[in-house]
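What follows is a single structure, written as structure tokens, with notes after it.
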Amino acid sequence: MNYLLKKLLYILCLICTTGLQAQQLRPEVFSLIDLDYPGLEQVRSLHQAGNNTAAAEALLAYYRQRSHINHPDVDLNHVTIGKQEQQWADDALEHTFFVHKGYQPSYNYGEDIDWQYWPVKDNELRWQLHRHKWFSPMGKAYRVSGDEKYARAWVHQYMDWILKNPLTEVDKQQYELISSGEVKGDAENVRFAWRPLEVSNRLQDQTGQFLYFLPSSAFTPEFLTEFLVNYHRHALHISANYSDTGNHLLFEAQRMIYAGAFFPEFKEAGSWRKSGIEVLNREIHLQAYPDGGHFELDPHYHLAAINIFCKALFMADVNGFRNEFPDGYLHTVEHMILFYMNLCFPDYTNPCFSDAKLGERKEEQKNYRAWSRIFPDNRQIRYMATGGKEGSLPDHLSKAFPHSGFFVFRNSWTEEATVMVLKAGPQGFWHCQPDNGTFELWFNGRNLFPDSGAYVYAGEGEVMQSRNWFRQTRVHNTLTLDGRNLETTGSVCLHWQGEGEVQTLVTENPSYEGLRHRRTVFFVDNTYFVVADEAIGNATGEVNLNYQLCEGEVQIDADRLILLSQFAGDSNVKLQCFAEKGTTLREEEGWRSTAYRQRVERTAVSFNTPKKQGDTTRFLTVIYPVKDTAQAPQLSAKFTTKTFSDNRVDIEVKVDGKSRKLSCQWQKDLRFDN
Ligand code: MG
């Protein structure tokens, strides 16, 4: 096909689609809204007189004057826009859409927008396109500059999206087939464009976009009816397709509260709000363990859950319905905040267990400031919100969260602190990784043993391979059999002693058929750690004890099983393993993901011991954080009992020749009903 013909076809196409995209007055809107709602008297009488054009004009005038509904996230008197958001808004004018931080620079979706464009087969790239993350920045750019081009582009893209992403009527079963990827072709697009999580995202963000663009001349009465009909369809879709559980369900419920509170004019608004509150109320008790931990065992999704619960409260507060949330809800949110605070390091970052993101101090501190508004009397939250200027620290240092299986050894709350956070919990929900027994260790300003992280979520081919690499048990600081992933994840805490000169944790995971892993950690003199790993059972094979440090130079002494970091600055570590004869040190592939699709190489090793049937394979590791490894002590350690015991561990450790007996005994399982 020659160029001119192609161009002609394109122009014809454009004329057709522009024609279709032209906004139409949607008379059905008058059956969706409650015309008896106070303030809509004129709309009702015009509609009843058969003049829908004038009724739509009156409806737009109503919304432009409406002042009794407040938005907790939008302050029209103080709209500001950051440099990056401005860039996203400007790029969007050319249809270069900011979809995902992991895929930069952003892709261009064509002059005639292709909403099915999928340049990399990562599900997130396809899903998140439908969150329209650039729409709110366009709204801010419009408000700040007053330039109508942003509003015109938004209206065009909004209508284009409606046209090209129809919601085919599918029953629940069919929707599940689409969701599972079994339905291909055009119907497959529904899986991405109409996944309830994405729908809820639009449901929330379009409340703000509505406010930003409302004064624009591009926001016509016809467009208003298109907007409201589309918005209504979104809320109905979630009502009928709430996710079964997990963080998705929380997001969806919170956003239904937004829909019901922000558009009370819809007939179903009250029931949307009620359903959102009911789901959050029910799920907060199902998804949070009694110790405050969220059941995906992922510190960042835990944080997201807190923020969801709080967002619902903020919307309630500014619109006067806080009383619809019971006290138990508030209490659990507060509990979850304190859980999170205990898990975090002095720089406000959280461990990157499971699919957790790292976060950064500024953003994390902002969270505490927001939480402080809901819990003004909580002095610990205030302490974190103000960086220690106000409020007070907890009266404890170390802390166990035995239901969700997080254990924190801490010697201080300052930057210089030594903090080990160990994860050994029950089977977690979707984002949880098979990493029982692993830990992160912070010392004097550095995370010496950061988790491998997540890198990517889910997709096809290479994307899935990358995800699976970062999820492997063997890329965590824990024990494996033949390098395989854990078959069973369900740790129990056998003993916890979180105070005094020698603090102790004993935890056990079923791990593999014929091999359970008992890990005992001694935190000695608030200074160093002795870790006893016992691989118990009849399984045979090679038992591997895996460790990975942060990036930087590490000297490896394979004969004496020593790792000696050479990191710049005053945070280093000496790690020495004491194991059975025949144990070898092997250098392994080591990576740490610092953000989505970003990773750095780092030192990883395994200590490997052949296991014969019936023997218990035992390892001792001394982990000694020091400012300068030239000053690191000479270490040795041994079990003082010849064989494994059901209810005790006895060790002798020597630091620069000085002997220390470490013993731990327990009477019974401290099993918690999860
Ligand atoms: Mg991990």
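One-based numbering along the sequence shown. Start at 1 and go down the list; that is how both ligands and their atoms are numbered.
Between K366 and E363, at least one side-chain nitrogen of the basic residue sits less than 4.0 Å from a carboxylate oxygen of the acidic one, meeting the salt-bridge criterion. Ion pairing between E124 and R597 fails under the 4.0 Å rule for side-chain N and carboxylate O.
Residues H294 and N247 have side chains that never bring a donor and an acceptor to within less than 3.5 angstrom of each other. In this model, a donor atom of one side chain and an acceptor atom of the other lie less than 3.5 Å apart for N546 and T480. Counted by atom type alone, R618 and T609 present zero donor-acceptor pairs between their side chains at under 3.5 Å. Remark: the Q287 side chain and the Y301 side chain contain no N/O donor-acceptor pair separated by less than 3.5 Å.
Inside a sphere of radius 2.8 Å centred on the Mg ion (ligand 1), the protein N/O/S atoms present are Q433 OE1, D451 OD2, H476 NE2.
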